[in-house]
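The analysis underlying the following values was restricted to heavy atoms, covering all of them including side chains, and did not include hydrogens, waters or symmetry mates.
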Amino acid sequence: LYLLLIVTDRKLAQDYKTMMRRNGITRIFSLNAYGTASKDLLSILGLEPSEKTLLITAVDRAKMTKVFRDAKQKLYIDIPGTGIISAIPIRSIGGTKTLDYLTSDKNIHKTLPKYKFDKEMIFVVLNSGYSDEVMDAARAAGAGGGTIIEAKGTGAKFAEKFLGMTIAEDKQILLIATRIEKRDAIMSAVMERCGPGTEAGAVAFSLPVSQISGLRLDNEQESEDKEK
């Protein structure tokens with residue numbers, strides 16, 4: 001079972017939903033998100049922040065393969081700016097009812113697949129308004145771009161009452177896809193410049209990605225250049 005994450009321009013989100021439903025996926029969660037171009041760059045170019053949509057669903061390997069195929073062949077996800085699709089393996093789930101709810105498929109294969117990873121998705125949870133600083137730190141360590149999701153934190157009142165510290169409730173989640181060899185450098189840079197104790201108050205973790213499309217990574221570009 002895999003958690004499928006699709007990031008695309010908001011105007012293309014319905015096309016992706018339609019394609020997923022054609023492949024038998026009915027339970028799709030949709031979140032508004034934004035690109036990570038810096039405010040200074042957008043101001044210079046006279047552009048507005050790019051509006052994105054994050055689509056989330058749980059699928060088995062067969063449906064995942066169909067979605068990746070159609071995303072490439074019908075929605076041209078490999079063209080820059082069209083979107084990014086990634087699959088993160090789910091290692092455990094809270095019971096059969098949860099599985100049925102997430103997948104709407106009672107016949108889904110329930111055994112764990114064999115995993116092999118060379119890419120990861122970094123999740124950075126930060127105080128709202130500091131995404132530029134966090135992304136600058138990540139880029140300096142080799143990250144490409146990212147996607148921002150607006151969120152709300154919990155536990156702020158508990159921390160203030162019992163720990164004597166203030167935690168901002170308004171949060172953002174920054175998603176960064178990268179090769180595994182760059183993961184540690186990116187996460188270390190973010191924590192050093194924007195971690196707990198700074199105004200950004202960022203925390204980071206990563207999850208393995210079994211498959212990804214729509215993102216040109218360094219080694220893939222080198223391989224293509226050699227083939228030419």
Side-chain angles (χ1 to χ4, degrees), residues 5-9 31-54 77-88 117-153 165-226:
L5 303 179
I6 300 177
V7 178
T8 186
D9 285 340
L31 298 172
N32 289 337
Y34 301 89
T36 56
S38 70
K39 295 174 184 175
D40 291 341
L41 178 60
L42 292 172
S43 178
I44 291 171
L45 298 177
L47 299 174
E48 295 294 324
S50 58
E51 295 185 334
K52 305 287 185 181
T53 294
L54 172 64
I77 200 166
D78 285 336
I79 296 176
T82 307
I84 297 172
I85 178 172
S86 60
I88 298 173
F117 311 111
D118 60 354
K119 306 174 187 72
E120 296 222 353
M121 183 74 72
I122 298 173
F123 292 73
V124 184
V125 182
L126 59 136
N127 293 333
S128 185
Y130 293 92
S131 57
D132 282 355
E133 290 86 341
V134 173
M135 200 62 223
D136 286 346
R139 283 196 181 100
T147 300
I148 302 165
I149 307 167
E150 300 295 332
K152 281 282 187 181
M165 58 189 294
T166 301
I167 298 178
E169 290 190 352
D170 289 332
K171 300 288 185 183
Q172 291 176 315
I173 300 173
L174 175 61
L175 306 182
I176 303 171
T178 185
R179 286 197 174 278
I180 196 167
E181 56 265 26
K182 290 186 176 182
R183 176 200 59 200
D184 291 347
I186 293 171
M187 293 178 69
S188 294
V190 168
M191 290 296 95
E192 184 176 338
R193 292 175 53 180
C194 305
T198 67
E199 292 184 343
V203 294
F205 62 93
S206 69
L207 293 174
V209 174
S210 62
Q211 191 172 345
I212 192 165
S213 288
L215 186 67
R216 183 65 59 86
L217 297 172
D218 295 342
N219 289 354
E220 290 170 353
Q221 180 65 61
E222 291 171 6
S223 296
E224 290 183 7
D225 290 343
K226 289 178 181 178

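Going from atom CZ of R183 over to atom CD1 of I176 covers 13.5 Å, rounded to the nearest 0.5 Å. Here the CE-CD distance, from M187 to E192, works out to 14.0 Å after rounding to the nearest 0.5 Å. Remark: R179 CZ to I212 CD1 distance equals 9.5 Å, nearest 0.5 Å. The CG atom of D118 lies 7.5 Å from the CD1 atom of I180; values are rounded to the nearest 0.5 Å. Taken from OG in S206 to CG in D184, the straight-line distance is 8.0 Å, to the nearest 0.5 Å. The CD1 atom of I149 lies 10.5 Å from the OG1 atom of T53; values are rounded to the nearest 0.5 Å.
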*After noting the C-alpha distance and the side-chain angles of L207 and V209, does the key distance pass the side chain to side chain contact (heavy atoms under 4.5 Å, CB included) rule?*
CA-CA 7 Å; L207 293 174; V209 174; over 6 Å; no
*asked:* Run F123 and L175 through side chain to side chain contact (heavy atoms under 4.5 Å, CB included) and show every step you take.
replied: CA-CA 5 Å; F123 292 73; L175 306 182; 3.2 Å; yes
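Looking only at side-chain heavy atoms (C-beta outward), K52 and D9 come within less than 4.5 Å of each other. No side-chain heavy atom of L54 sits under 4.5 Å from any side-chain heavy atom of T147. The side-chain heavy atoms of L31 and E150, taken from C-beta on, include no pair separated by under 4.5 Å. Within the 4.5 Å cutoff, the side chain of R193 has heavy atoms near those of the D136 side chain.
A donor-acceptor pair is defined here as one N or O able to donate and one able to accept, closer than 3.5 Å; no such pair exists between the side chain of S188 and the backbone of A185. With N127 contributing its side chain and E199 its backbone, the two residues share a donor-acceptor pair below 3.5 Å. For E120 (side chain) and T178 (main-chain N/O), no donor-acceptor pair under 3.5 Å exists by modelled atom type.
Nearest heavy atoms, L126 versus S131: CD1-N, 3.5 Å. Summarising the geometry of M191 relative to P196, their closest heavy-atom pair is SD-CD, 4.3 Å, with the distance given to 0.1 Å. Nearest approach of E51 to Y34, heavy atoms of both residues: CG-CE2, 4.2 Å. Between A138 and I186 the shortest heavy-atom distance is CB-CG2, 3.9 Å. In this structure, M135 and A143 approach most closely via the heavy-atom pair CE-CB, 4.2 Å. Annotation for S86 and M121: closest pair OG-CE, 3.3 Å, computed over non-hydrogen atoms.
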